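Below is one structure, written out as structure tokens, with a few remarks after it.
All figures in this text were calculated on a predicted structure; none of them were measured in a lab.
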Amino acid sequence: MDRLFAFSGMLAIAVALTLGHSSASAVDAKALEKWKQDFNESVLPIIESRCIECHRGKDADGEFDLAKFPSGEEVAKQMGIWERVGKRVRLKEMPPEGSPQLNDEQKSAFHRWLDSQPKEDLCSQIANEETQAWYRGVVMSRRLTRTEYLNAVRDATGVAVDPRFEIPSDGAGGEGFDTNGDSLFTSPIHVEQYLAVAADVIGRAIADPASTENAPLQLTLPGKSADGTQRSTEQAARATLGRFARRAWRRPIADEEVDRLMQLFAAVQADGKDYKQSIAEPLKAVLLSPNFMFVVESESAAGGVQRLTPHQLAMRLSLFLWSSIPDEQLLARADAGELDTPEQIVAETRRMLDDPKARYLGENFGLQWININNLLTNIRPDAEVYPEYNRQLAEDLREEAILTIANVFREDRSLLELIDAPYVYANDRIAKHYGLSAADGADWQAIDAGETGRGGVLTLGATLMATSYPRRTSPVLRGRWLLEDILGSRVPPPPPGVPALEAAETEKVVSLRERLEIHRKNPECASCHNRMDPLGFGLENFDALGRWRESENGFAIDAGGKLPSGESFTGPSELKKVVLKRSHDFEKHFVKKLLGFALGRGLNKFDQCVIEDCMKALKEQDHRAAAIIETIVVSYPFQHRYFKAAE
């Protein structure tokens, strides 16, 4: 039985049926009619003769029912899924190994039809309730994430939050990041901790006014100033509150807003409290206001698509690049109307990338992208097998990952260095852990990776540890991570009833590779494992703590792999070369993730133009990582949003 689409591939495509909807409403009518006709004449016969037997009805392989596409008319209603179909065929992952392949004429007809798919003109639009019924259209005015909140308190007051205050972590949504408004709920625990944090931080900030002289929270005191001007208690309080509220709320403050804060100040003072005790209460109120804790983007009564105000755009920029609030220079640019042209926005973006706070592109975006943001809380190698593991090692591995990702942007290096770089970021402890040379007490620095096979995110100790089991490595977990998180290729969960890998172990078969070979004899397992396992075996020279090894349990490490495409490789260096051959897949997936993080929502067809512009910028600018960011910040979706009209 010939199968064009097997279980593994088609479950991924079935998911795209819901995530990748694309209507034909905004394409050239003549081009669309030809595309539908070409499907009827060239592609439908292939499907009917080679595919439909296995992909029909409720029991269709991969839950992908091709009977739903009897004509080009129906195909045009689901245009978004066919790119995924074509990708799997081009990689020779479909038809699966062991099945007759498409002949040259069929391949040519299929790919010709895919490549001629009409494009929609959506570059100056964003989704709304009128243009796309399946997308709500309204981006929620979300609260700050845990990371953003902690950074915002620090940058607004100059005082770091005491770690004993345990602000709850956030779930992920959208493109897999905690910046998605739909997942940012505010619980009673949040409120309790916010109250405690505000009291503690403000108390420490005003305890010694001299210590805040050059800090964001500058406490103006009543009495004679340095230039001899006499300030009343009310004048001093208004100056302090107006200045602090502007920074914390990241916009100009109206007189009536300061008046309300002054009412609280006066009420406390009337109870006999001194100046510092009285000013503390409205300062805490500033930090407890929705204007501080939420990303407030106000709308007009008419609703519709609107461009963000300069101060709202400044906030989006700072959340994207710093995971925090704007600094004084960015606010000043917004005040002066100097965040208007693409040139002005890019100039500020470059300044912000040069700031130390841009490390949060590695810490906030980066750790979520490579799926190790829970490294310090959920990953625990078994102490019996790995007695060397401790909290300090985990923190060092986490820092290595942050620097590896953040500095590609901060130093505007090639994005492809995230796959293969000639250096490793290490301090003396990590260098010793990896067997590299570094002086005792050496701080974090880029060290020549030499011929070690290290460099880039594939060989980070953090990712190698996160994709292992507590007592051993896992080529399956590592291969799946590489496919999904690096190359953006979906892998479905194992079918029900398949025994665990350990069940394949016998007295004669003790190596991990041999156990996996037995596991793959199950046809339901083979289609996925043939894609994942070879990639994972390319990293087998690294143990579950990221250290190099030549053997395991007396068996020499076999780090070779062969992909369904026929490509063979041995070890991490050759694996990276194979991955770099798919650099387009890597870059496109990375662009989607970074754009989703920047917008704080899931992507839709209206964002496709931004993705294409980013890919074009990468190609034209020698893969410069900052080219993606510069393209995103001047894009239509980043600078606009849809507001629901007032009831």
Side-chain angles (χ1 to χ4, degrees), residues 144 148-162 165 193-296 311 314-315 318 322 324-336 357:
L144 299 178
E148 292 166 347
Y149 172 78
L150 295 174
N151 290 346
V153 170
R154 177 203 65 208
D155 292 342
T157 65
V159 177
V161 176
D162 191 313
F165 295 109
Q193 291 299 301
Y194 291 155
L195 285 166
V197 166
D200 180 71
V201 167
I202 295 301
R204 286 189 284 146
I206 67 175
D208 181 10
S211 67
T212 63
E213 185 175 349
N214 297 314
L217 172 53
Q218 298 175 21
L219 189 64
T220 302
L221 299 174
K224 188 174 290 187
S225 66
D227 60 9
T229 304
Q230 190 71 25
R231 289 184 299 243
S232 68
T233 298
E234 181 176 349
Q235 288 173 329
R238 289 191 72 90
T240 298
L241 295 173
R243 183 172 55 245
F244 182 59
R246 173 183 174 274
R247 180 65 185 276
W249 296 350
R250 48 265 180 194
R251 59 171 172 77
I253 304 301
D255 289 342
E256 53 267 29
E257 292 178 303
V258 180
D259 291 341
R260 288 195 291 272
L261 293 170
M262 284 298 296
Q263 291 175 4
L264 181 56
F265 170 80
V268 177
Q269 202 171 43
D271 284 341
K273 305 296 184 181
D274 63 20
Y275 178 78
K276 288 186 180 180
Q277 292 171 318
S278 300
I279 199 69
E281 295 307 311
L283 289 174
K284 286 188 283 186
V286 170
L287 293 183
L288 294 169
S289 167
N291 289 293
F292 176 74
M293 295 189 296
F294 283 76
V295 182
V296 179
H311 293 88
M315 184 60 176
S318 56
W322 290 345
S324 187
I325 59 177
D327 64 359
E328 276 300 325
Q329 179 165 328
L330 189 57
L331 284 176
R333 291 281 188 268
D335 290 344
K357 286 185 288 188

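- Here the shortest heavy-atom pairing between Met315 and Pro326 reads SD-CD, 3.7 Å.
- For the pair Ala207 and Lys276, the tightest heavy-atom approach, listed with the atom from each and the gap, is O-NZ, 3.4 Å.
- Counting heavy-atom neighbours within 6.0 Å of Glu234 CD, excluding the residue itself, gives a total of 12 or less.
- Atom NZ of Lys357 is surrounded by more than 12 heavy atoms from other residues, nucleotides or ligands within 6.0 Å.
- Interatomic distance, CG of Leu221 versus OG1 of Thr233, reported as 10.0 Å (0.5 Å rounding).
- Minimum heavy-atom separation, Tyr194 to Met293: CD1-SD, 3.1 Å.
- Counting heavy atoms from C-beta on, the side chains of Val201 and Lys284 never come closer than 4.5 Å.
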Evaluate side chain to side chain contact (heavy atoms under 4.5 Å, CB included) for Leu217 paired with Ile202, printing each intermediate quantity in order.
-> CA-CA 9 Å; Leu217 172 53; Ile202 295 301; 4.1 Å; yes
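- At least one donor-acceptor pair closer than 3.5 Å links the side chain of Arg250 to the backbone N or O of Asn291.
- Pairing each heavy atom of Ala334 with each of Ala314, the nearest pair is CB-CB, 4.4 Å.
- Residues passing the side-chain hydrogen bond (donor to acceptor under 3.5 Å, both in side chains) test with Thr220, sequence neighbours excluded: Arg243.
- Classification of Arg246 and Glu257 as a salt-bridged pair fails, no side-chain N sitting under 4.0 Å from a carboxylate O.
- For residues 236-293, every residue pair satisfying the ring-ring contact (aromatic ring centres under 6.0 Å, His included) rule, not counting sequence neighbours, is listed here: Phe265-Tyr275.
- More than 12 heavy-atom neighbours from other residues, nucleotides or ligands sit within 6.0 angstrom of CG on Asp274.
- Distance alone, capped at 3.5 Å, is enough to place a donor-acceptor pair between the Arg247 side chain and the Asp155 backbone.
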Applying side chain to side chain contact (heavy atoms under 4.5 Å, CB included), run through Val296 and Arg251 and close with a yes or a no.
-> CA-CA 11 Å; Val296 179; Arg251 59 171 172 77; over 6 Å; no
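- Of the inter-residue distances, the one linking Asp327 atom CG with Arg333 atom CZ reads 10.0 Å to the nearest 0.5 angstrom.
- Here the closest non-hydrogen pair linking Met262 and Ala237 is SD-CB, 3.7 Å.
- Side-chain contact between Thr240 and Leu283 is present, with heavy atoms from C-beta onward closer than 4.5 Å.
- Minimum interatomic distance between Pro222 and Ala236 (heavy atoms only, all atoms of both residues): N-CB, 3.6 Å.
- Taking the side-chain contact (heavy atoms from CB on, under 4.5 Å) definition, one finds that Gln263 meets it with nothing, sequence neighbours left out.
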Starting from the C-alpha separation in whole Å, work towards a yes-or-no answer on side chain to side chain contact (heavy atoms under 4.5 Å, CB included) for Asp335 and His311.
-> CA-CA 8 Å; Asp335 290 344; His311 293 88; 2.6 Å; yes
Quick one: do Leu144 and Val295 satisfy side chain to side chain contact (heavy atoms under 4.5 Å, CB included)? Show the steps, please.
-> CA-CA 7 Å; Leu144 299 178; Val295 182; 3.9 Å; yes
